[in-house]
Visitor: 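Shown below is the structure under consideration.
Just so it is clear: chains get the letters A, B, ... in the order the sequence lines come, proteins before strands, and each one is counted from 1.
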Amino acid sequence: MRYSGLKVIKEALTGHKGWRPTWRDPEPKKSYDVVIIGGGGHGLATAYYLAKNHNITNVAVIEKGWIGGGNVGRNTTIIRSNYLLDGNEPFYELSLKLWEGLEQDFNYNAMVSQRGILNLVHTDAQRDAARRRGNAMILNGSDAELLDTDGVRAMYPFLNFNNARFPIKGGLLHRRGGTVRHDAVAWGYARGADLRGVDIIQNCEVTGFKIENGKCLGVETTKGFIGANKVASCVAGSSSRVMEKAGMRLPIESHVLQAFVSEGLKPVLDGVITFGAGHFYCSQSDKGGLVFGGDLDMYNSYAQRGNLPVVEDVMEGGMALIPALGRVRMLRSWGGIMDMSMDGSPFIDKTHIDGLYFNGGWCYGGFKATPASGWCYAHLLATDTPHKVATAYRLDRFRKGLMIDEKGQGAQPNLH
Amino acid sequence: MTDAVMNAGRVAFQADGGTGARKGVQVNRLDGGLIKGGKPLSFTFDGKRFKGFEGDTLASALLANGVRLMGRSFKYHRPRGPLTSGSEEPNALVELRSGGRQEPNTRATVAELYDGLEANSQNRWPSLQHDFMAINDRFSNFLTAGFYYKTFMWPAAFWEKLYEPIIRKAAGLGSISFEADPDAYDKGFLHCDLLVIGAGPTGLMAALTAGRAGAQVIIADEDFLLGGRLNAETFGIGDLTGAAWVEQAQAELAAMPNVRVMPRTTIIGAFDHGIYGAVERTADHVLAPEAGKPRQILWRIYSKRAMLAAGATERPIAFENNDRPGVMLAGAVRAYANRWAVTPDQTVAVFTNNDDGHRTAADLIAKGVKVTAVIDTRADAPAVEGAELFAGAQVIDTKGRLGLESVRLRLASGITRDVPCGALAVSGGWNPNVHLTCHQRGRPAWREDIAAFVPAGELPQNMVVAGAANGDFSTAAALRAGADGAVAALSELGIEAKAGDLPEAEDAPVNVTPFWYVKEGKGRAWLDQQNDVTVKDVKLAHQENFRSVEHLKRYTTLGMATDQGKTSNMGGLAIMAELAGKQIPEVGTTMFRPPYTPVSFGVMAGRSVGEEFRPTRKTPSHKWAEEQGAVFVEVGQWLRAQWFPQAGETHWRQSVDREVLQARNSVGVCDVTTLGKIDVQGKDAAEFLNKMYANAFAKLPVGKVRYGLMLREDGIAYDDGTAARFAEDHFVVTTTTANAVLVYRNMEFARQCLFPDMDVQLISTTEAWAQFAVAGPNARKLLQKVVDPEFDISNEAFPFMGCGEITVAGGCRARLFRISFSGELAYEIAVPTRYGDAMIRKLMEAGEEFGAVPYGTEALGVMRIEKGHAAGNELNGTTSALNLGMGRMVSKKKDCIGNVLSEREGMNQDDALKLVGFKPVDSSATVYAGAHLMNSDGEVSAATDQGYITSVAYSPVLKSSIGIGFLKNGDARKGEVIRAVNPLEGHETQVEVVSAHFVDPEGERLRG
Amino acid sequence: MGKFDNHGLKAISPLGGHERRVDVFTGLQIREVTDRALASLAARQGSEDAVKSAVASYLGGALPEPACWTEHGVFAAWWMGPDLWMVSAPHDSHELMAGELKQAVGEAGSVVEQTDGWCRFDMEGPRCCDVLERLSNANVRAGKAGDATRTSMEHLGVFLLCQMPGQGYSIIGPRSSAASLHHALVAAAKSVI
Amino acid sequence: MIINHPILGPRDSQEFTYLGDASLIDRPDWQADNAADQFHDYLYLRDNPAGEHRELWFHEQGDRSWLVVTRNTVTHEILNVELARDVARARGRSK
């Protein structure tokens, strides 16, 4: 069934009886060509592109809970390709280009909205770094503009230009960045994959791998053994938990990141703003809520919740940047578990176990990566060679000294 | 002024607080209540003037004045009135106050009335009565749950250009003024043995019990009146009315120094290990806070034990057109009548599935309100005195455009009947307020006998739940649970408390037969009134396989409005369970998350606003620099002088060039106190520094300083500085300004965790010494005038990289280091910080004959770039010693942090980046920090990228723009001409690769 | 001017003045204190006992236990961390205390002058707890005389010494941030009183 | 969170700076034959358990002690707190 405005009108006039399940709930088959562990954005996108790009449709996506319930369902919805390093920027630029055509591609309105992302700078050194980054973006085919204070003021006159502790000295504007209705991404990929024959199996937890003679033959699950030619882990914050069942230790720690939404407001913020002198970034959803976040809680955690000091830190940043937010109320907070890697960059790679693949280490940048992650992971699974924009995302890069460290923080995951 | 306003004003002025007068002007004001004939207050709603009384909420006052219509819904812009009398309110949202204090989405049901209150309705245009956007309601059949996911995709560009702007404008609720909030906020910290959350009968009894036992108790309630439902009910406790018992309890608690009673305080979240967040509204009930006083305070409460006594929230029943103003929860109608002496209308009907609804009928009848019907879904409903009972009946539809006029019933017999009423009091049973029990990992459990979820699973550490929050709904049970709960909680702390004799109170059982929605009818029956989620939407979600509760919530937006579904989630779950053929507990619940009710940005920021967002660190010469008219710049938390403009200088470059030239030609002085200083002592101090620095320190002689580079364990450089050896067992280490805290932390880590038996003691002395760089050919001459004559600082006695303890200015102790960041003959001289102000004055006075200049961070930067010294832009966390041209400094002969991993192949490739200098071929051209480097010809692309420029300056010595940066294999490419490209700003400059040491590469000046 | 302050350099206070700042509220006074010399004392490995006894004879009393401070004549000392104390004495008479202390402990301890690393504000009056609970998470109401807590106020690390429970406290913070710390204290006092 | 400091008693975790897995105490021997591999595993690989986790916290706004905290990463319950120096010695670290 194709979704369209006409279809909506037709259904409205006929009592909405024609809408079918967005995806089926099949029982798992005995075996598949590919079993993807994790029904989040990346897992569903991988399944979608396996089917669409590589015509591999005998695929199952196995989800412990409900699809889209991990980080794709608990992020701050931002998409962007404002990366600095060669290992990253082409990948994220591919992702942004995929976002730009995604809705027509999978026939689901995920409200991709290129509202622009403005990263504020507050010091000369930050401006120098922004210039280097902006140039790297442009050299990789992305877009960037360097604004001075007046340029920022023209966009957002209500920021604190009067008595800021850290005055705004400009910003790096990435106009093609923006926001996407996050849940819809999971549902759109799920629907697209399901229509092409992929089985999406919810409430099915992987309890172990069947590995014989260095080859992975399938997964043990709460719904029984499911055989597979290739098993692809794609579980973000649960990466260490899952891969531990295959005997692997990863260069990853799991950390909690809180995010917040305010009560609905008439339009305040058109684009996304990142405060460069505190921990605060913010956009406004189409529903009117200000969606904002800041830094990690900093300690290892698998609890999808955080603590008060970070809430205060983030909202202090909000007030420092936008003093007019004083009476705006935060409605809800939540936490997601971030697979923080040792250099802040992800992995899309084979493992040392034949037939077992790994995708993870997305830190808190996983959402924007969803299309390219699925695209490249599908490419790796289908061809056994890394996609050209994901060649750096190898598990052995630390052994070789080839870190991709955007923030320059070294092997301390919570600082990325 | 319009006639309407004048009339309203004139009528309202007749109010004198007497009961008779009340009725006269406030058409729905009743006798009695807890407003006690309080002070009359004047307020406006949508510009119209009204009167109410002290003790009213905005909602109760508007209802008293016959106003039921208070808002519009989110999607369909349906007219709405209050559903509730509390913080769970979904409908009656207003913009309170104006200007910088404008506060969108304020629930009229909890906005305390004050004289001069100004409120406006929101999300409507042009007026609340005539809202153009209500057109959406006509198209509701097209605007079902998730419709937007299926359309607006063609043509692609139209989403951002057309559809989305329209949606965004229509969405949202209230608006902000865009003015800065003028009010102050505060934060604080409280400690207690027992935190009691909620001051109803349970909480009060618990606080009394614990308070009498001498425990440290905090009792908080979101309401401005303590008592909870006791204020809303007519039954008594012992010989007293509920309200009188509350007053007595409150008086007793107030007299206990160990008890802190906090009304107007919402516990917003249960955090780890007994920490609770609380927001106290200290000035939301007045026109404006007193000067300096906060509007709200965020308290962080450290509790040893906590009792959740937060009561319960009534839930509605869904039926067609159940959202008209006047359709309210039965408990709320009762509360308006008993507490605020208000009825929403003179004729009221009741619709219930449980006995509690009957209380509303009885109380209204006792107050003289006409109850036109009691509709009970149960065939065996108890009898009602004074009103007609329809047992086994249902409400199937309602009428009334901007307010309820009548309801249509389907009687047990099957016939329909219309009943006139201006308000319908609905009760579908009560849900315990389990929210805080779920803020960690608790998942509530279903209790069949009360048809509701009660707390279960892993509660927050050391929390007990009591009373209605735990499903014990009677007053007697609440008192018992409060007392027993307090005794039990305190006994775990070793505090003996006694429950004692409890007063007698009503102990009615809960008689409820679950009834979630009326199945009859083709129209819409609302679940989430704010977000306009109807029973049909839940059915559609089910049909489309959004069946998990989380999918249901996200697809339909059920429970995502400002009330977070406090009155609506349960109904949605029950309907989904029915559709899925499951039991309610099998469907589960969505996650309750902080905050319990929405919390302002202002209070979460507290005092950390504006210039006080973060502390400011000032240098010892700050005051003097201010006097010189210095321009300051933020460097981390420090404020440093950036340059010192002199009369006639119109551009910063003029000042900076002058400062650089004067320092290079004569002498300049710069406050360098901000560099971190760590005092390292102990028998193993030298060996310890050997571990910390990549280069060797063990053999540094006493009286000497050495430059040191610190690596992270991954082999990347992260800080550099100097270590001065004052004794065999005593060093003073400097760090960069930015990394002072980090270096100290890392050193403590090494000391305590890696080398625990080394005899090393560390302490920061950054702030204890005011330190000044004195640089330039005349530096020694200047210093010789300041340093006391017994200290010989000649080149021979005090050579380059020397250090020593001296005195200055006739006996003031000081430290002198002969180190140079500028490349000139230079010293750094330190005195105790209190003398720093005097010292800069002294130095400038002594330097007068040499034309000494103060120089700021800009000139400092220019001189270090001219010398090719790495700083923050080069130590960017991705560069190794090799990249920095200091590869040979990394000792292979000793263990130090970072040396093993610095040898990895990827960090030692042939074309590794190397730090070099760049000079534009055309000396009038400018180079930019952040420009990328490309070969002299060929493509400009990421694939051909050769490196990047990190720092640039205009060198007044070379009369050219210069830069340093990282170039692939750079040290072998000196003399090559390449391109520095800056497509971001449209520049491309031909630059020559040169040594990063632009000035005095042999270092003769600094040794002179 | 103190005994050692007879050189050509005139001291200024952490708030940047020559006079000490005093702010008076109903039931509360906040005074800038500048007349104390400070030196940190760390025990060397294996010399913990030696340091304690050596310094006891210099101070005229024992070093304080963890999280405590003590007074002996003109001296005061507080615990800063494991085997680490801060010693304080009148600045006029003891500006060079660090040297004396080092002499007293010899090889057993490491001494570092800390006098000007810090600013100090003394808070006195019955409203102390009401104001301090707006500033710090220290449980001052349950505290006793002699408590020394390292805590944070307004993003700054400070020492909070209890002179008299509910009535008198010293707040010792980083000198460069004296103005911010002072602003916080005064703002909190205005907020409460 | 509240960390029950072995010397100072219960303190708000906000006063602390978090580093990570306590195995960072076990810094390998730089002269070992496979030092590069050992350092790689030491610095980059983590158990990252969902459950009990021994981890390093620094009391930066307090007494400057490094602590080893045993904490459940699922519930955040803290089971044990030790001075890291004692732990380091017990694991055989010296100079």
Visitor: Tell me yes or no: between the side chains of B:T106 and A:R329, is some donor less than 3.5 Å from an acceptor?
Guide: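 Yes.
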Visitor: Select one option (side chain, backbone, both, neither) describing which atoms of A:R115 are under 4.5 Å from chain B's heavy atoms.
Guide: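 Contact with chain B involves the side chain of A:R115 alone.
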Visitor: For a quick test of reading the model, state the closest non-hydrogen atom pair linking A:G326 to B:R295 and the distance between them.
Guide: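 In this case the closest contact between A:G326 and B:R295 is O-NH1, 4.3 Å.
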Visitor: For A:K169, is it the side chain, the backbone, both, or neither that has a heavy atom closer than 4.5 Å to a heavy atom of chain B?
Guide: side chain
Visitor: Specify the closest pair of heavy atoms between B:A171 and A:D286, including all atoms of both residues, with the distance to one decimal.
Guide: CB-O, 3.0 Å
Visitor: Between the main-chain N or O of B:A929 and the side-chain N or O of A:R131, is there a donor-acceptor pair closer than 3.5 Å?
Guide: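 Yes, A:R131 side chain to B:A929 backbone: donor-acceptor pair under 3.5 Å.
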Visitor: What part of A:L331 gets closer than 4.5 Å to chain B, counting heavy atoms only: side chain, backbone, both or neither?
Guide: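 Contact with chain B involves both backbone and side-chain atoms of A:L331.
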Visitor: Looking at A:T123, A:D25, A:D86, which makes the most heavy-atom pairs under 4.5 Å with chain B?
Guide: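 Between A:T123, A:D25, A:D86, the count favours A:D25.
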Visitor: Could you tell me whether the side chain of A:R305 and the main chain of B:R441 form a donor-acceptor pair under 3.5 Å?
Guide: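 Looks like no, no N/O pair under 3.5 Å.
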Visitor: Quick one: does B:Q909's side chain get under 4.5 Å of A:L402's, heavy atoms only?
Guide: yes
Visitor: Any idea which heavy atoms bring A:D128 and B:T950 closest together, and the distance?
Guide: OD2-O, 4.0 Å
Visitor: How close do B:R168 and A:D270 get, counting heavy atoms only, and between which atoms?
Guide: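 Nearest heavy atoms, B:R168 then A:D270: NH2-O, 4.0 Å.
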Visitor: Could you look at A:E263 and say if it's the side chain, the backbone, both or neither that has a heavy atom under 4.5 Å from chain B?
Guide: both
Visitor: Below 4.5 Å from any heavy atom of chain B, which atoms of A:Q304 appear? Answer side chain, backbone, both or neither.
Guide: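 Interface part for A:Q304: both.
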Visitor: Within the distance-only criterion (no hydrogens, no angle test), does the side chain of B:E160 pair as donor or acceptor with the backbone N or O of A:Q114 below 3.5 angstrom?
Guide: yes
Visitor: Please indicate whether B:F139 has more than 12 foreign heavy atoms, meaning atoms of other residues, nucleotides or ligands, lying under 6.0 Å from its CZ.
Guide: no
Visitor: So which atom in A:M403 and which in B:R904 form the shortest heavy-atom distance, rounded to 0.1 Å?
Guide: CE-NH2, 3.5 Å
Visitor: Looking only at non-hydrogen atoms, find the nearest pair between A:S113 and B:E164 and report the distance.
Guide: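 Heavy atoms only, the tightest pair is OG-OE1, 2.6 Å.
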Visitor: Measuring heavy-atom distances to chain A, does B:E939 have an atom under 4.5 Å in its side chain, in its backbone, in both, or in neither?
Guide: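 Neither part, no heavy atoms under 4.5 Å.
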Visitor: Pick one of side chain, backbone, both or neither for B:A943, based on which atoms fall under 4.5 Å of a heavy atom in chain A.
Guide: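 For B:A943, neither part sits under 4.5 Å from chain A.
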